[in-house]
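Before any comments, here is the structure.
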Amino acid sequence: CGMTQRRSADGGQTWSPPERVLSDLKRCPARWTFTIGGDGKLWFIGTPTGDAALADANAVLAAWDGANWSKPADVQLSYQDSVTQRTRILGCLGMALSGAGLAAIGCDVRGDVWAAHSVASLERFLPVELVSWNPPLNLSADRQSQEGDARRATTETTQHIAMATDRDGHIYALWSRAD
């Protein structure tokens, strides 16, 4: 499942060519809405049909930052049954943005209706993208003159290392050496 979008920067007078978006959707939601969140982003909320099986009761959430869509996230509403101590997944799922959070409503297998409001910001629902790292820097370059010394330095320094940051974001790396 995926969507196609066109964009207009002049109130609909002209449109960009169609482009495929949200192609990572695992299922096509039966209903979807677009809403501006408290963070100013355009949010896509897709929900299953009201009669969807509980196995397919997940909603979909994605955000448009003005240039790209986030990776879509599956959102499920569940609760711990106090009698059976089992986790119950809610069907009949409906969702709406509520300020910087998400409000959800659903029904259980008995037909009881449940509602919840997220305590986390909307961003917390989205999958975390892979972190990009800079190439590693050798902090003990004076020991690299000979290959044997380099291996020994690595062994000696990896036993007692620490890293810390201060209030201003400066990074400090500390280690001990026998020599």
field: Distance, nearest 0.5 Å, that separates OG1 of Thr35 from CG of Leu97
entry: 5.0 Å

- prompt: For the side chain of Trp32 and the backbone of Pro29, is there at least one donor-acceptor N/O pair under 3.5 Å apart?
  reply: no

- request: Give the cluster check for Met3 versus Phe34: same hydrophobic cluster or not, with ILVMFWY residues linked at side-chain heavy-atom distances below 4.5 Å.
  value: yes

message: Does any part of the side chain of Thr4, heavy atoms only, come nearer than 4.5 Å to the side chain of Val21, both counted from C-beta?
response: no

- prompt: Would you call Pro72 and Leu25 a side-chain contact if the rule is heavy atoms closer than 4.5 Å?
  reply: yes

query: In terms of the angle between their ring planes, are Trp69 and Phe44 parallel, tilted or perpendicular, with boundaries placed at 30° and 60°?
result: perpendicular

Side chain Ser8, main chain Thr14, donor-acceptor under 3.5 Å: yes

statement: Taking every heavy atom of Ala103 against every heavy atom of His117, the minimum-distance pair comes out as CB-CD2, 4.2 Å

- request: Report the C-alpha distance between Tyr172 and Thr165 in whole Å, list the side-chain angles of each, state the deciding distance to 0.1 Å, and finish with yes or no for side-chain contact (heavy atoms from CB on, under 4.5 Å).
  value: CA-CA 6 Å; Tyr172 301 88; Thr165 59; 5.9 Å; no

query: Among the clusters formed by ILVMFWY side chains lying less than 4.5 Å apart, do Leu42 and Leu22 turn up in the same one?
result: yes

Any donor-acceptor N/O pair, Ser16 side chain to Arg7 backbone, under 3.5 Å: yes

- prompt: Mind checking whether Glu19 and Gln5 have side chains closer than 4.5 Å, heavy atoms only?
  reply: yes

- prompt: Do the side chains of Val75 and Met95 get nearer than 4.5 Å, heavy atoms only?
  reply: yes

message: Side chains of Val60 and Ile45, heavy atoms from C-beta outward: is any pair under 4.5 Å?
response: no

- prompt: Do Lys41 and Asp65 sit within salt-bridge range, that is, some charged N less than 4.0 Å from a carboxylate O?
  reply: no

